[in-house]
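A short write-up of the structure that comes next.
Indexing begins at 1, ligand by ligand and atom by atom, following the structure's order. Just so it is clear, the structure is predicted and the values come from calculations on it, not from any experiment.
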Amino acid sequence: MNEHECDFSRLDYFFNPRSIALVGASSDPAKPGGRCLNALIKRHYPGMIYPINKRHRELLGLTCYPTLSDVPGEVDMVIISVPAHTTIPVLREAAEKKARVAVIFTSGFSETGPEGRQLQKELKETAQRLGIRLLGPNCVGIVDLPMSVMASFANIVDLEPVYPMNLGFITQSGAFGAMIYAQAVEEGVGFSSFVSVGNEADTEFADFLAYMVHRRSDTEIIGGYLEGEKDGTKLRRAAIDALKLGKPILIMKVGRTGAGARAAASHTGSMAGEDRIYDSFFRQVGIIRIESLRELTSFVIIHRAHRLPKGKRVAVLSVSGGAGVMMADKLEEYGLDVPSLSDATRHGLMEHLPPFGSAANPVDMTSALGADPTILGKCLRILAHDGELDLIVVNTALTDATAATISRDIIDVYHSIPKPMVVTSHVFHPTKKTTRALETMKEADIPVLKDHLDAVRAIRNLVWYTEKRRCFLTSLGSGPD
Ligand code: COA
């Protein structure tokens with residue numbers, strides 16, 4: 001057993017408890033204890049659920065107990081959704097029931113000032129004495145989608161799960177984290193788990209990151225919203241292990257400015273730290289620092305094709321000269337190459353392009369694609385087999401007349417090569433045919449994104465990460481660090 005393993009086996013109870021007691025369960029769906037109870041039932045959490053409420057004998061068809069002590073047998077997880085001053089007595093009862101972990105939604109601790117800080121200190125000491133690991137307080141809880149553990153009151157518990165469930169997410173802001181989750185689901189990105197760490201009285205951001213790196217084979221990518229890390233050593237160790245295992249980590253680290261850092265300090269009590277230090281720390285350990293939610297979702301979408309670029313030479317094949325120039329500009333600005341094409345490739349392309357098209361890189365197919373949709377497939381095949389190119393971006397527009405041919409040709413070429421490819425596709429008037437074309441490309445595992453800039457940023461991040469990991473693994477192979 002390595003030094004983490006005993007910690008991880010305790011954290012397992014957050015993700016896969018055999019039973020859950022909810023203190024502060026309510027019939028009122030507007031209350032956190034009501035929403036959480038509803039979600040556990042609606043998502044068919046498979047373990048025992050024990051609602052605890054002094055005023056009811058039954059809640060949503062389940063037997064309700066006046067106190068935790070009245071619950072028959074042991075309980076793995078206790079969710080606490082009652083006012084701050086009653087949380088410590090509840091923890092003591094939880095220990096009698098042999099609870100391993102407690103998720104504390106309650107606010108009113110260190111985020112509120114000296115009295116709250118004192119209460120949080122007592123809460124932490126009580127939990128340590130009783131041997132219970134805490135999540136929170138002042139958090140929206142934890143959700144594990146594959147295990148249907150909806151130990152949360154965030155609105156995300158009402159959203160239908162999206163497949164594949166391969167993104168793990170950890171957030172120091174409950175509400176913002178929930179918004180990120182909801183938007184990601186809208187973009188077709190599915191979560192394996194979501195953890196809101198709140199005030200981090202006991203467990204913290206890096207604990208869950210390390211857990212997802214080591215313990216969750218279903219979690220291929222880990223995302224995070226971070227205001228300030230409490231234990232840089234833990235974060236470094238988890239990030240390096242993730243790099244070794246090939247699980248990309250993307251973190252939105254805020255508090256870049258004086259105003260942001262002050263806001264973080266009063267929000268979760270985090271010290272944002274010197275921003276440049278985070279920047280270089282992230283770069284060193286292979287963490288991708290992101291600025292926006294779509295940078296996370298578009299990375300997940302291109303990464304799930306499981307194709308990594310061999311280098312940074314990108315070909316741009318575009319239906320629009322303007323979009324091609326814009327993407328080429330940004331790619332080079334981000335340090336990628338949009339190289340001139342070889343004579344053989346250019347001559348091959350010229351055979352299929354109209355005289356007013358361009359066989360330079362970016363390749364401009366022009367609106368001639370509307371009249372002859374086979375141009376795209378023919379040009380793409382030539383670029384795909386050019387050994388001097390590492391990755392291809394295809395920018396197309398789909399209409400009723402062109403959608404089927406273009407999507408079929410893209411799929412054919414995609415399956416004939418191992419190279420990564422990203423498609424950005426504009427649809428002027430969505431119809432059954434254009435929607436079907438987009439769906440078939442996605443079903444064929446082709447990364448399809450709406451926005452050109454999202455595509456370019458995702459490519460930059462994929463190329464940077466792949467190169468970082470390659471160098472890291474080489475350094476390991478060449479001797480001790
Ligand atoms: N044992 C059993 N039942 C109890 C209890 C106890 N010790 N204490 C309260 N209850 C019952 C209440 O009677 C109530 O039942 P009812 O709905 O049938 O009336 C229910 O449990 C909830 O308690 P209540 O006192 O109404 O609390 P609340 O739901 O209004 O608020 C919190 C509790 C924890 C949600 C609130 O104190 C809080 O901290 N809110 C902020 C949470 C938050 O935003 N966190 C994350 C920020 S990112």
Problem - Glu115: partners by salt bridge (Lys or Arg N to Asp or Glu O under 4.0 Å), with sequence neighbours left out - result: none
Practice task
Search all heavy atoms of Leu37 against all heavy atoms of Ala25 and return the closest pair with its distance.
Solution key: CD2-CB, 4.2 Å
Practice task
Would you name the heavy atoms of Ser110 and Asn199 that are closest together and state the gap between them?
Solution key: OG-ND2, 3.3 Å
Handout entry: Residue pair Arg304 / Asn166, side-chain heavy-atom distance below 4.5 Å
Key = yes
Practice task
Just grab all the salt bridge (charged side-chain N to carboxylate O under 4.0 Å, His left out) pairs involving residues 153-163, residues at least two apart or on different chains.
Solution key: Arg43-Glu160
Tabulated below should be the N or O atoms of ligand 1 paired with protein N or O atoms at under 3.5 Å; can you produce that?
residue, atom, partner, partner atom, Å
ligand 1, 3 (N), Lys54, N, 3.4
ligand 1, 15 (O), Asn53, ND2, 2.9
ligand 1, 17 (O), Ser26, OG, 2.6
ligand 1, 17 (O), Lys31, NZ, 3.0
ligand 1, 18 (O), Asn53, ND2, 3.1
ligand 1, 18 (O), Arg55, NE, 3.4
ligand 1, 18 (O), Arg55, NH2, 3.1
ligand 1, 18 (O), His56, NE2, 3.2
ligand 1, 19 (O), Lys31, NZ, 3.4
ligand 1, 19 (O), Arg55, NE, 3.3
ligand 1, 19 (O), Arg55, NH2, 3.2
ligand 1, 26 (O), Lys31, NZ, 2.7
ligand 1, 39 (O), Ser107, N, 2.7
ligand 1, 45 (N), Phe105, O, 2.9
ligand 1, 45 (N), Ser107, OG, 3.3

Throw together a table of side-chain donor-acceptor distances under 3.5 angstrom for residues 89-106, partners on residues two or more places apart or in other chains.
residue, atom, partner, partner atom, Å
Glu93, OE1, Leu68, N, 3.1
Glu93, OE1, Ser69, N, 3.3
Glu93, OE1, Ser69, OG, 3.3
Glu96, OE1, Ser69, OG, 3.4
Lys97, NZ, Val71, O, 2.7
Lys97, NZ, Gly73, O, 3.3
Arg100, NH1, Tyr13, OH, 3.2
Thr106, OG1, Val82, O, 2.7

